[in-house]
Amino acid sequence: MPDNPGAQATFYEEPAWLAHLNPAQREAVTLPMDSHGAILAGAGTGKTNVLTHRIAYAIRGGMEPYAIVAVTFTNKAAKEIKERIARLVGEEAAGKIRLGTFHSLGLKFLRKFGHHIGLERCETAAPMDEDEAVALLRRVMKDRFPDTDLKVEKPKDHYFVISQWKEQGLYVNDVPVQKTASANFTRMLYAAYEAEKKRSQALDFADLVLQSNFVLRHHPEVAAVFHQHLRMVLVDEFQDTNPIQVEFIGHLTGTGHSVPTFVVGDDDQSIYGWRGADAGIMQSFLKRYTPNHLVRLEQNYRCTSTILDAANAVIANNPNRIGKRLWTERQDVGSFQLDIFADAEAEAGAIADRIRNLLADGIPPADIVVLYRKNMLSRGIEKALVFRDIPYRIYGGLNFFQRREIKDALAWLRLVQNPLDEMALFRAIAAPRRGVGAKTIEQWKTMAQKQGVALWDVLHSDKKASIQSFVQIVHRLRQVYEAEGLVVLVKKMLALTKLEQYYITAAKERGEECAENLQELVIAAGVFHHEMRATGLHMESLARTPGDLLSEFLADAVLNSDQGGQKKKEGETVSLMTVHKAKGLEFPYVFLLGLEDGEFPKITQSGFCNLEEERRLFYVAVTRSKFSLFLSCVRNRQSFGYTQDAGDDEAEDGLDSHFVSRFVQEIPAHLLGDAARLVQASSRKLVGSETGSDGDWW
DNA sequence: AAGCTTAGACTTTTT
DNA sequence: GTCTAAGCTT
């Protein structure tokens with residue numbers, strides 16, 4: 001390193017700006033720049049701080065910002081990291097770092113190099129969302145396998161399996177012959193799905209990474225450009241990466257992993273196994289990327305010792321950990337309690353009351369979060385909060401860009417961006433209705449095929465007035481966009497298509513809401529425009545193509561779909577989210593509800609349960625709390641409008657038997673106080689029920 | 001082709 | 001209970 005000052009400059013020992021870091025953090029930040037590093041960072045141990053300081057350390061040492069790639073798992077994390085780096089090295093340098101999620105980096109890559117896989121107009125490409133991908137598969141099934149009963153062979157199920165294969169890195173020809181007829185049918189569908197996708201120039205989520213890998217594999221000259229220019233690759237939340245993402249990283253770091261790679265993660269917080277992530281990925285990194293340094297961050301700055309004791313005790317039940325134990329210097333106790341309610345209504349009411357009291361005591365709403373295992377559980381709390389006039393914000397669930405009216409509007413925008421987008425065409429032409437249905441489209445399709453032209457060209461020769469006006473609107477909007485930009489385009493689109501009036505009359509009670517959402521879309525476009533202006537490029541990337549605003553906006557609507565469209569501002573509301581969404585976040589007051597065994601851990605109807613992953617999920621939930629943690633469960637929880645009893649026999653103190661989550665029972669009794677007695681009463685039935693270490697357990 | 005009615009699914013987590 | 005898709009009617 002010393003004899004190569006140009007590329008790596010001088011890295012001094014413990015500069016003053018690193019003085020506030022603890023020894024382990026400082027060691028991680030200042031690891032030799034020419035070796036790989038794996039940072040095992042427990043919850044609340046300053047993981048992001050280490051990552052951002054490592055980047056700043058490199059830049060201050062003379063590394064060019066654009067020689068650094070940093071990959072995160074969510075857009076939110078990318079944004080936060082960028083802001084924090086900006087504070088360390090300034091906006092300009094921070095803006096040059098190639099930072100983004102795997103998917104946004106993959107998209108940027110394909111926008112530049114997609115022509116290698118036959119992607120036309122690749123520079124403005126955008127992926128389909130999941131609904132569209134499933135719809136495409138359904139169409140394939142109908143066209144190619146018309147005898148299939150779609151109620152038996154559900155498109156969604158097949159899409160799920162195909163996605164799993166793709167996340168594992170299996171291309172069509174890599175999937176082995178399956179054991180069951182149904183699985184082999186999926187295998188056939190995979191090929192047909194890929195063919196149709198290619199024909200219609202569409203991409204699904206997995207393609208963003210998988211197809212990028214394909215290009216990098218088969219075009220070493222492209223890959224070479226990256227590892228020649230890159231000096232450092234960093235991966236956040238490395239425990240959640242799946243095989244195709246690991247391969248993507250491998251392509252960037254080059255043959256023999258010549259580019260120093262710095263991964264940060266926590267095997268105890270690996271909660272995306274269902275998406276192909278392998279909790280053992282940290283271990284295999286240590287084997288494959290050598291030489292390397294492993295640094296453990298175990299001092300926790302977030303939680304009280306009570307909460308840490310509980311979290312450590314629960315996670316200790318997982319075998320196969322790299323192993324670490326969080327500790328804190330904090331002496332304050334906060335509060336930690338469990339409540340058991342009769343039903344979900346009582347639970348929601350009690351939580352909402354408690355939140356109201358906290359707010360009355362002057363606690364800012366932004367300090368409070370309600371966490372749950374699955375989105376559906378937000379409903380009860382929502383109701384209770386609305387009843388008490390408490391402002392809240394739901395993260396995740398059905399998001400803004402997935403609403404029907406918004407998707408219709410986006411279809412118009414997509415058509416303006418690319419008239420050859422057939423899916424957008426079908427959607428836009430029916431919103432509002434203009435006398436075109438399945439039959440007409442079939443005719444057009446055959447006509448297009450016969451003449452060897454695009455569907456869009458066929459529309460031009462149609463003499464019907466409604467079709468002509470449709471075509472005219474698209475052309476007119478294109479001119480509007482080119483002359484006046486994105487925001488005016490969205491406004492004019494609503495005006496010319498009369499979508500708002502259409503929904504007000506057609507959607508009845510929901511009409512007003514639809515119209516409001518469409519107005520919200522104008523605002524979202526304005527915000528997006530503003531952000532792009534402010535930051536130069538929204539998604540910094542490997543392939544920094546300038547890209548036009550419309551195609552960036554459309555891609556953002558798919559890749560970053562949970563942002564935007566929320567009327568209440570962040571910071572003024574209580575937060576509601578799933579535990580998955582909460583990873584990486586922290587709140588002084590955390591409510592964790594729905595802690596019934598079978599719900600959390602989730603046990604499927606077939607009896608399957610990935611107990612270790614569920615336990616990690618519980619560990620993530622508990623360690624979000626900076627001060628207070630309120631756990632709760634109910635004896636009866638309704639689902640689908642029906643009441644289901646939790647247990648059929650009763651313990652002597654009137655409680656149903658096995659309903660409290662086994663994870664709660666793994667918490668040392670002395671930490672739970674009064675509630676421990678109740679838990680113990682319900683735990684007798686559970687003794688010995690845990691058989692296997694993971695996977696199926698009964 | 002559009003609008004209405006009904007049947008069935010959804011409920012694990014997300015880019 | 002709520003939402004969507006398929007089926008039936010106009």
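Chain naming here is simple, since letters A, B, ... match the order of the sequence lines and numbering starts at 1 in each.
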* Taking only the side-chain nitrogens and oxygens of A:N375, find out if one of them lies under 4.0 Å from OP1 or OP2 of B:dT12. => no

* Atom CZ of A:R379 and atom P of C:dC3: how far apart are they, to the nearest Å? -> 6 Å

* Asked: P atom, B:dT13 versus C:dT4: distance in rounded Å?
  -> 16 Å

* Structure fact -> Whole-Å distance, A:E599 CD to B:dC10 C1', equals 13 Å

* To do: Would you classify A:F102 as touching base, sugar-phosphate or nothing, given that sugar-phosphate means primed atoms plus P, OP1 and OP2, and contacts are heavy atoms under 4.0 Å?
  => nothing

* **Phosphate contact (B:dT12 OP1 or OP2) by A:T578 side-chain N/O below 4.0 Å** => no

* Could you say whether A:T101 or A:D157 is positioned toward the 5' end of DNA chain B, judged by the nucleotide with the nearest heavy atom to each? => A:D157

* **Exam field: side chain A:S270 to backbone A:D267, donor-acceptor pair closer than 3.5 Å** => no

* Can you find a side chain N or O atom of A:R138 that sits less than 4.0 Å from OP1 or OP2 on C:dA6? -> yes

* Structure fact -> Rounded to whole Å, NZ of A:K154 lies from C1' of C:dA6 at a distance of 15 Å

* Check: A:Y395 side chain, A:S575 main-chain N or O, donor-acceptor pair, under 3.5 Å -> no

* When you compare B:dA7 with B:dT11, how far apart are their P atoms, in angstrom units rounded to a whole number? -> 22 Å

* Would you kindly give the CZ-to-C1' distance between A:F160 and B:dT12, to the nearest whole Å? => 10 Å

* Asked: Atom CD of A:Q164 and atom C1' of B:dT13: how far apart are they, to the nearest Å?
  -> 12 Å

* Remember a base hit wins even if backbone is also touched, and classify A:E130 as base, sugar-phosphate or nothing at under 4.0 Å, heavy atoms. => base

* Provide, to the nearest angstrom, the distance between the OH atom belonging to A:Y272 and the P atom belonging to B:dT15. => 7 Å

* Asked: Can the ring centroids of A:W444 and A:F426 be said to lie less than 6.0 angstrom from one another?
  -> no

* Of the nucleotides B:dT11, B:dT14, C:dT4, which one has an atom closest to the side chain of A:R404? -> C:dT4

* B:dT12 C1' sits how many Å from A:L611 CG, rounded? -> 15 Å

* Asked: Between B:dT12 and A:K602, is there an OP1 or OP2 to side-chain N/O distance shorter than 4.0 Å?
  -> yes

* Checking A:R138 side chain against A:P155 main chain: does a donor-acceptor pair fall under 3.5 Å? -> no

* Asked: Choosing from B:dT13, B:dT11, B:dA1, which nucleotide comes nearest the side chain of A:M376?
  -> B:dT11

* Report the residue (A:R433 or A:H103) whose heavy-atom-nearest nucleotide on DNA chain B is the more 5′ of the two. => A:R433

* Mutual orientation of the aromatic rings belonging to A:F248 and A:F102 [parallel < 30°, tilted 30-60°, perpendicular > 60°] -> perpendicular

* Please work out if A:F600 contacts a base, only the sugar-phosphate, or nothing of the nucleic acid, heavy-atom cut-off 4.0 Å. => nothing

* To do: Kindly say whether A:V620 contributes a backbone atom to a donor-acceptor pair with the side chain of A:Q269 at under 3.5 angstrom?
  => no

* d(CG, A:D131; C1', B:dT14) in whole Å -> 13 Å

